[in-house]
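Beneath this line is the structure, given in structure tokens, with notes to follow.
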Amino acid sequence: MRVLIAPDCFGGTLTAPEAAEAIAAGWRAGAPADELTLCPLADGGPGFVDVLHNALGGRLHRLTVTGPLGTPVEALWLEHEGTAYLECAQACGLHLVPKGERDALAATTYGVGEMLVAALASGVRTVVVGLGGSATTDGGAGLFHALGAVPVGEDDEPLPPGGGALIDLVRLHGHPDLGDVTLVAASDVENPLLGRLGAARVFGPQKGADDLAVRRLERSLARWAEMLSEVAERDIREEKGAGAAGGLGAALIALGARVESGAGVVRRLTGLDAALDAAQLVVTGEGSFDFQSLRGKLVTRVAEAAAERGTPCVVLAGVVSVGRRRAAAAGVDRAYSVAEHVGSAEASMADPGGTLTSLAEHVSEQWHR
Ligand SMILES: O=C(O)[C@H](O)CO
């Protein structure tokens with residue numbers, strides 16, 4: 001049987017390539033005659049560069065940039081055939097900030113701008129920026145600052161980092177100029193910048209913003225949006241993906257970026273469609289298969305694509321909280337939980353790779369034909 005193994009990352013424990021390897025190891029043990037194709041996936045958020053490097057090869061560049069709350073972090077970007085692939089989460093990801101220290105008002109995308117400056121200096125002609133999984137809600141103001149376009153207040157002094165300070169924005173000093181580089185925003189979501197579905201209201205709370213902070217961020221982003229619309233010479237507020245990565249999408253759009261689905265970019269560059277066409281069984285997975293998964297996350301996109309081809313699809317996840325009927329409606333024939341397989345979530349967390357391998361071996365024995 002030809003089996004396609006196409007997981008997302010297992011949030012915080014396994015990267016997508018590690019998860020694919022762990023599943024493959026178990027599958028080989030349980031069904032050695034099966035032919036396996038590994039296609040780890042990402043959606044623009046954490047893992048974007050890792051997955052593309054795994055699929056394309058190319059050269060990884062390492063640099064130290066400003067992290068979301070100012071502490072320097074190490075970031076990697078990928079250069080492949082004249083294109084730079086950047087992942088905003090490497091510089092401003094939520095995973096870089098311990099839970100108790102999240103600060104949605106102060107978190108900055110300055111480090112993403114530093115990565116962009118480094119990529120441009122290398123002479124690439126196209127830059128693709130993966131968006132998602134950020135700790136920030138600064139509308140990309142930090143990125144603008146790093147590119148030499150500094151948001152200033154009434155006193156003409158640079159505003160402090162973070163979306164909260166943009167409420168005092170008066171003007172920009174300098175104009176960001178990327179030359180004739182083609183810019184692509186590879187976004188994990190289609191949310192607009194402002195309003196009920198905007199960056200502050202939908203994603204602010206998970207970044208540590210309480211109600212008051214969300215309201216402040218919304219007003220700050222509205223002010224910032226006027227500035228971005230001036231730069232873009234059109235209204236960017238309603239553009240799809242403008243609200244991605246705390247509004248970093250809007251800043252990239254103002255700089256001329258075309259917005260694409262991050263999952264779509266990965267799908268194209270990893271050759272997922274051809275792999276799906278050839279598969280007789282699709283195995284996907286993620287850390288938690290829950291109600292959010294059903295709202296268009298990668299795993300359900302893979303399941304839908306499998307269903308369109310009449311190919312069965314199973315999910316292996318750290319924990320599963322989606323019932324069988326709802327999973328089936330999303331194209332998932334069966335969802336298996338690592339925690340259930342090994343007896344507890346603690347046991348699965350103690351050895352995420354080994355326990356996933358053990359579950360995959362068990363599942364392969366059930367599905368092998
Ligand atoms: O980073 C974020 O704000 C979310 O992942 C949406 O892009």
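Ligands are counted one by one from 1 in listed order, and the atoms in each one are counted from 1 as well.
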Residue [X] vicinity, atoms of ligand 1 by number, heavy atom under 4.0 Å:
X    : result
V189 : 6 (C), 7 (O)
D188 : 4 (C), 5 (O), 6 (C), 7 (O)
G246 : 3 (O)
A245 : 1 (O), 2 (C), 3 (O), 6 (C), 7 (O)

Inset, instruction - Measure from the side-chain N and O atoms of D34 to the backbone N and O of V3, and report whether any donor-acceptor pair falls under 3.5 Å. - result: no
Inset, instruction - Without swapping roles, check the side chain of N191 against the backbone of G198 for a donor-acceptor pair under 3.5 Å. - result: no
Inset, instruction - Give a yes/no verdict on whether any heavy atom in G45 is under 4.0 Å from an atom of ligand 1. - result: no
Legend entry - Polar contact flag, side-chain donor to acceptor under 3.5 angstrom, E79-S122: no
Inset, instruction - Mark yes when over 12 heavy atoms from residues, nucleotides or ligands other than R326 sit less than 6.0 Å from its CZ; otherwise mark no. - result: no
Legend entry - Protein heavy atom at shortest distance from atom 3 (O) of ligand 1: K207 NZ, 2.6 Å
Inset, instruction - For ligand 1, find out whether one of its N or O atoms is nearer than 3.5 Å to an N or O atom of G132. - result: no
Inset, instruction - Just grab all the ring-ring contact (aromatic ring centres under 6.0 Å, His included) pairs involving residues 71-106, residues at least two apart or on different chains. - result: H61-W77
